[in-house]
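Okay, so here's the structure we're looking at.
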Amino acid sequence: MTAVTPVISIHGLHKYFGELEVLRGVDIDVRSGEVVCVIGPSGSGKSTLLRCVNLLEMPTAGTVVIEGIDMTDPETDVDAVRTRIGMVFQQFNLFPHLDVMGNLTIAQQKVLDRGQDEANEVATRMLERVGLEDKADEYPSRLSGGQQQRVAIARSLCMDPDMMLFDEPTSALDPELIGEVLDVMRGLAGDGMTMLVVTHEMGFAQHVADRVVFMDEGLIVEDGPPSQVLLNPRHERTQRFLRAVEHD
Amino acid sequence: MFLYVFTGLIVLAIVLGADWPKIRNSFFQWEVIRDMLPEVLTIGAKNTLLYTALAFAFGLVLALALALMRRSDFAPYRLFSLVYIELFRAIPALVTIILVGLGLPLAFGWSIPFGTAGKGMIGLGVVAAAYMAETIRAGIEAVPRGQMEAARSLGMSRGRAMTYIILPQAFRIIIPPLTNELVLLIKDTSLLFVIGTTPLSKELTKFARDFMTTSRNATPLTVAAIVYVIITLPMTYVVRRLEKRAGAGR
Ligand SMILES: Nc1ncnc2c1ncn2[C@@H]1O[C@H](COP(=O)(O)OP(=O)(O)O)[C@@H](O)[C@H]1O
Ligand SMILES: [Mg+2]
């Protein structure tokens, strides 16, 4: 049963901000272990889609089902489901008043009720995974953007999530720091993590994604393997977007 | 250059023209200063600090509750907080103090226990809370939205995210304005004389004022002023340092 139930299953998703309809009926399934990259022009609703998955935004209509649990059902314990959904933001959003170890342990202790020792042990393991075990005692402000984003990924991993959402994780980084973050993400994908990634990194989408979704004006225009969506797009709108990106 | 000469001439005129012996006699009588010690410190300054600390602690807790209510999803909380803040900022602190210290006993035949300390804590704290609530709210709003979102996405409830992520950052931001409120509060304890004091519960101003009836000159005021400066100067200095550091950090 679990093998066929998608980890993330979104149907008929609509989202309004006041009068503005930002998502206009989105359907998307992500299966276990799948890496799905979402591309599309700025303002097309990619971030909003991601934020509806863990209910940072409340969908106006439609269903968001995470591992069989309906997130929009008022009975659902949203906080509990969120621990299974890691989220990585464009602006990192590390907690500046805590050192790296504090960033990685606070939710383990306050949400998962892990003791200090266990939390530290998990945090150390995850820091090794992102290659920053020597930064445990630093404060975020003393780290480079790339290091901060890797800490943010490690912070999410400490909660043992079943899936990870990435919202343009490299867009705020200097070009020379993008690679180290993409490497960590590639490693995660290789370990079988289920990932929904909003990105402008076409190389990453082409080589790592199982599927690429092109969004425009609140709708999914094209959804298929990278070889199709990126190399032989069917829709004129997708072709235009890819041409514009190439000329960057 | 002209300004220096001009100012110098005025200062010179004052120095030459002033009746120094008379000034010294009214404001700096050593015997009076000697007579005031040590009670001006062990009673006056001690009570000023005690009332300030009590009112600040009570006011801070109340202010935090008001600030959180002000941002609540529950409209009646928001309304209550708004009305409270606007009301107690509009009324003179003196009126609130009289209300708490004298109005309540008259109305209900019940008064707040622990004398001036108890009444002062509530009376001043109720007023201070109205100001500090706005300060705390501004601090909470100065924490970037992404902090709450990151905390929530890790599974923290709103309350936990507030407690462990937002408020620690908010309080760091508002230490300077909160210290300013504390300095204002120190001075506002001088209003507590209106609710009546016993010889042992006088704060600095009341102590000095009553001493003037025996000293028959203004020296007690000088002493009180000096003690106020000694208490508040380190605080304003620390605030200035903190503000400089915060400014440099940006
Ligand atoms: N909280 C919000 N309130 C109002 N409008 C919003 C809000 N968040 C996003 N929007 C609007 O929704 C549209 C889609 O935004 P977003 O999902 O961030 O797009 P993308 O991530 O693809 O750039 C934009 O027009 C944006 O201005
Ligand atoms: Mg976006």
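Only heavy atoms go into these numbers, but all of them, side chains included; no hydrogens, no water, no symmetry mates.
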With a 4.5 angstrom heavy-atom cut-off, could you sort out which part of B/Ala161 is near chain A: side chain, backbone, both or neither? neither

Is it true that A/Glu21 and A/Lys15 have a side-chain N and a carboxylate O under 4.0 angstrom from each other? no

Salt bridge or not between B/Arg137 and B/Glu134? Use side-chain N to carboxylate O under 4.0 Å. yes

Heavy-atom proximity to chain A below 4.5 Å, by part of B/Arg152: both

Side-chain ion pair, A/Arg31 and A/Glu34, N-O less than 4.0 Å: yes

Please look at A/Leu94 and chain B and tell me whether the side chain, the backbone, both or neither of the residue comes under 4.5 angstrom of a heavy atom of that chain. backbone

Residue A/Phe95 versus chain B: region with a heavy atom under 4.5 Å: both

When heavy-atom pairs shorter than 4.5 Å are enumerated against chain B, which of A/Val111, A/Leu165, A/Val81, A/Ile85 gives the highest number? A/Val111

Among A/Val78, A/Thr83, A/Asn93, the residue with the most heavy-atom pairs under 4.5 Å to chain B is A/Asn93

Set out, in order, the CA-CA distance, both residues' side-chain angles and the distance that settles side-chain hydrogen bond (donor to acceptor under 3.5 Å, both in side chains) for B/Asp188 and B/Ser190, then state yes or no. CA-CA 5 Å; B/Asp188 278 353; B/Ser190 63; 5.8 Å; no

Between A/Arg155, A/Met87, A/Arg84, A/Gln91, which shows the greatest number of heavy-atom pairs under 4.5 Å with chain B? A/Arg155

With a 4.0 Å cut-off on N to O distance, would you call B/Asp73 and B/Arg158 a salt bridge? yes

Relative to chain B, which segment of A/Arg51 carries a heavy atom at a distance below 4.5 Å: side chain, backbone, both, or neither? side chain

Would A/Gln149 and A/Thr170 count as a side-chain hydrogen bond (donor to acceptor under 3.5 Å, both in side chains) if you check the C-alpha gap in whole Å, the side-chain angles of each, and the deciding distance to 0.1 Å? CA-CA 8 Å; A/Gln149 193 61 297; A/Thr170 57; over 6 Å; no

